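Heads up, the thing below is written out as structure tokens.
Just so it is clear, the structure is predicted and the values come from calculations on it, not from any experiment.
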Amino acid sequence: MIMRIFAGQLYDKKGHIVVFLPGTFLILIVMVLLAWLSNSFVLYTAAALYGLGFGFIIYHCW
């Protein structure tokens, strides 16, 4: 929910590309991290990054 505030401001100032591409890139990083999941720290990091990326992308879709 916090990322939606920042994503909204970026979307209004810079446009949808500046919001959508970083969110997509973060989710791509999460998929790689989950493929190489070795311990719980990596899992929690992937979860946090997924939340950030999804926060950016969901703002773009609304």
Minimum heavy-atom separation for [X] and [Y], please, with both atom names.
X   : Y   : value
A46 : L34 : CB-CD2, 4.0 Å
I29 : L49 : CG2-CD1, 4.1 Å
L43 : L37 : N-CD1, 3.5 Å
A7  : G55 : CB-O, 4.4 Å

* Could you walk me through whether F56 and L10 pass the side-chain contact (heavy atoms from CB on, under 4.5 Å) check? -> CA-CA 10 Å; F56 272 110; L10 277 174; 4.0 Å; yes
* Asked: Nearest 0.5 Å, what's the CD1-CZ distance between I57 and F25?
  -> 12.5 Å
* Test side-chain contact (heavy atoms from CB on, under 4.5 Å) on Y50 and L26 and set out the steps. => CA-CA 7 Å; Y50 184 78; L26 282 173; over 6 Å; no
* Does M31 belong to the same Ile/Leu/Val/Met/Phe/Trp/Tyr cluster as I58, with side-chain heavy atoms less than 4.5 Å apart forming each link? -> yes
